[in-house]
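Here is the structure we will look at, set down as structure tokens.
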Amino acid sequence: MNSFDNSTLNKESLRIEAERVCVDYNGTVALYDASLNLKGGCICGLVGMNGAGKSTFFKALMGFVRPSTGTIRINGLEVARAQREQAVAYVPQNEEVDCSFPVSVWDVVMMGRYGSMNMLRIPRQSDRKAVWHALERVELLDLRNRPIGSLSGGQRKRAFLARAIAQRASVLLLDEPFSGVDVRTEKLMAELFLQFRHEGRTILISTHDLSHVRDFCDLVVLINKTVLAYGETSKVFTPENLTMTFGGMPPNLLSGPTPSEGFNG
Amino acid sequence: MNEFFISFQPASLLFDPLSHEFMRRALLVSALVGGVCGLLSCYMTLKGWALMGDAVSHSVMPGVVVAYALGLPFSIGAFVFGVGSVALIGFVKQKSRIKEDTVIGLVFTGFFALGLVLVSKIKSNIDLMHILFGSPLGISIEDIHQTLIISAIVVAVLLIFRRDLMLYCFDPTHARSIGINTGLLHYMLLSVLSLAAVAGLQTVGIILVVAMLITPGATAYLLTDRFDRMTIIAVTSSALASLVGVYVSYWSDIETGGSIVLVQTIFFLLAFLFAPRYGILKYQFSNPIR
């Protein structure tokens with residue numbers, strides 16, 4: 001039985017439920033009153049300026065910061081529980097990882113399986129199969145024995161994507177996935193995202209690159225310390241909304257008719 | 001060259017010292033401690049904790065003295081102060097605007113100074129020079145037992161959690177996101193570091209123990225791109241350097257701790273020059289244009 005296809009993932013069930021989440025760091029508010037519901041099988045762009053709270057939101061979804069108020073549930077579970085069930089995978093920016101570390105591409109992808117292994121993390125046949133399969137999907141099988149540091153930026157990105165695939169996470173969080181990647185990688189990632197959506201996974205892409213959001217994302221969340229608007233990309237991506245997101249207008253000036261039923265408030 | 005070896009008789013060079021009980025002990029303990037510290041050094045260098053190793057090894061000093069005064073095994077005192085110093089570093093860093101390297105320097109020198117003062121004040125037969133520079137040639141049987149126990153604990157922890165610790169050093173964000181308790185791993189690594197510092201204190205002393213916790217890892221890092229191979233190379237080179245160091249110290253009547261660390265440094269220099277992929281000579285020849 002190959003559970004890899006995740007064909008059992010239910011697209012109608014809620015993957016991410018964030019309800020009125022506030023996060024503050026020692027009194028400095030990073031995020032307030034942020035609400036978001038995402039179902040399975042969607043690609044959602046998280047758009048905002050630097051310091052708008054994108055990474056704080058990611059951290060809250062991964063359980064790295066505890067919301068001072070509000071709740072977050074992943075697959076209907078508390079975040080810590082969802083983590084243990086390997087539900088959330090984070091694909092880092094290339095600069096976040098120490099690529100002089102003495103590990104091969106295979107080793108990195110195998111790290112996606114650690115959470116499902118026993119305490120000694122000894123790979124079973126099924127783990128090796130999952131890694132092989134994940135490397136195949138990102139077209140890195142030939143380079144599996146190469147040290148991670150010898151890869152190009154795009155290849156490295158694919159290696160970390162393969163790790164998320166091997167983890168079989170149902171929620172993927174990607175931080176600026178398109179920055180510094182080659183055309184081949186970009187095309188491959190676009191294809192993979194569509195496959196993930198088909199498989200019922202939820203993909204949340206944090207970015208300030210609007211053209212990619214327009215091309216790839218079904219849904220978009222505009223964020224500036226709170227969720228300004230969210231909904232279908234075509235409806236939310238209006239000039240007014242984008243001015244609001246990037247123009248630095250205080251969010252409390254937002255009132256009146258809004259294009260999306262998902263508007264927060 | 002031949003005459004040199006014949007006149008000194010390599011066999012007796014190697015086996016004569018083994019007829020002495022103190023040399024057998026010194027070789028055993030040094031190789032053991034070298035291997036254990038070598039294993040740990042892989043994590044220290046990859047995590048970027050060289051300065052932390054220095055801090056912990058210096059901070060165990062007052063612990064040794066206090067434990068001695070209370071009649072406890074000094075590994076316990078050293079452990080408490082080693083972990084305590086790290087907790088204090090974390091606390092001061094969090095509660096003040098001072099940068100981390102400053103806090104580390106501040107805390108460990110403070111602890112070290114406290115140790116020096118305590119040694120001079122508490123009436124004991126602790127030999128300051130033994131703590132500072134080690135004395136593997138004069139190691140007692142109780143110390144050997146203690147070193148064996150410490151080494152067993154350190155090796156067990158590092159082997160059982162070797163994958164988790166590697167992941168923690170490489171990508172702590174991923175480790176956390178798959179539900180691994182990275183806070184626990186952090187303190188586990190620090191505790192093991194404190195224990196290894198105590199073990200290393202026996203052979204090379206407080207001042208030089210940081211070399212045992214860094215140099216083998218750095219040497220191995222230049223020689224391979226695989227973590228598992230790196231640990232094997234580090235352990236082997238470190239244990240070998242300790243053995244060679246003790247022999248050299250015996251035959252040329254030089255200070256043992258210094259001798260061990262010097263041999264390790266020579267190993268590093270060899271790797272630095274001749275490592276197949278990362279040695280500087282390789283760079284020289286592979287880039288003739290530059």
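Sequence lines set the chain letters: A, B, ... in the order given, protein chains first and strands last, and positions in each chain run from 1.
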- Task: Measure Cys42(B) against the heavy atoms of chain A and call it side chain, backbone, both or neither at under 4.5 Å.
- Result: neither
- Message: Please report the interatomic distance CD(Gln83(A)) to CD1(Ile178(B)), rounded to the nearest 0.5 Å.
- Response: 9.5 Å
- Task: Name the region of Val108(A), side chain, backbone, both or neither, that has any atom closer than 4.5 Å to a heavy atom of chain B.
- Result: side chain
- Cation-pi, Tyr114(A) ring and Arg163(B) (6.0 angstrom, 45 degrees): no
- Query: How far apart are the closest heavy atoms of Ser177(B) and Met62(A), and which atoms are they?
  - Reply: CB-SD, 4.2 Å
- Portion of Phe64(A) that has a non-hydrogen atom of chain B nearer than 4.5 angstrom: both
- Residue, of Asn26(A), Val103(A), Val91(A), that accumulates the most heavy atom pairs under 4.5 Å with chain B: Val103(A)
- Message: Taking 4.5 Å as the heavy-atom cut-off, does anything in residues 226-242 of chain B contact chain A, and if so which residues?
- Response: Arg226(B), Phe227(B), Met230(B)
- Message: Does Gln195(A) have more than 12 heavy atoms from other residues, nucleotides or ligands lying within 6.0 Å of its CD?
- Response: yes
- Go through the atoms of Asp107(A) and report whether side chain, backbone, both or neither lie under 4.5 Å from a heavy atom of chain B. side chain
- Taking the six-membered ring for Trp, are Phe170(B) and Phe101(A) parallel (under 30°), tilted (30 to 60°) or perpendicular (over 60°)? tilted
- Task: Give, as side chain, backbone, both or neither, the part of Asn118(A) having an atom under 4.5 angstrom from any heavy atom of chain B.
- Result: neither
- Any chance CD of Glu19(A) has more than 12 other-residue heavy atoms, nucleotides or ligands included, within less than 6.0 Å? no
- Salt-bridge test for Asp171(B) and Arg163(A): reply yes if a basic N is under 4.0 Å from a carboxylate O, no otherwise. yes
- Query: Pick from Leu159(B), Thr173(B), Leu167(B): which one has the most heavy-atom pairs with chain A under 4.5 Å?
  - Reply: Thr173(B)
- Applying a strict 4.5 Å limit to non-hydrogen atoms, the region of Ile160(B) in contact with chain A is both
- Donor-acceptor under 3.5 Å (His174(B) side chain, Tyr90(A) main chain): no
- Query: Does any heavy atom of chain B fall under 4.5 Å from the side chain of Ser100(A), the backbone, both, or neither of them?
  - Reply: both
- Query: Just wondering, more than 12 heavy atoms not from Tyr25(A) lying within 6.0 Å of its OH?
  - Reply: yes
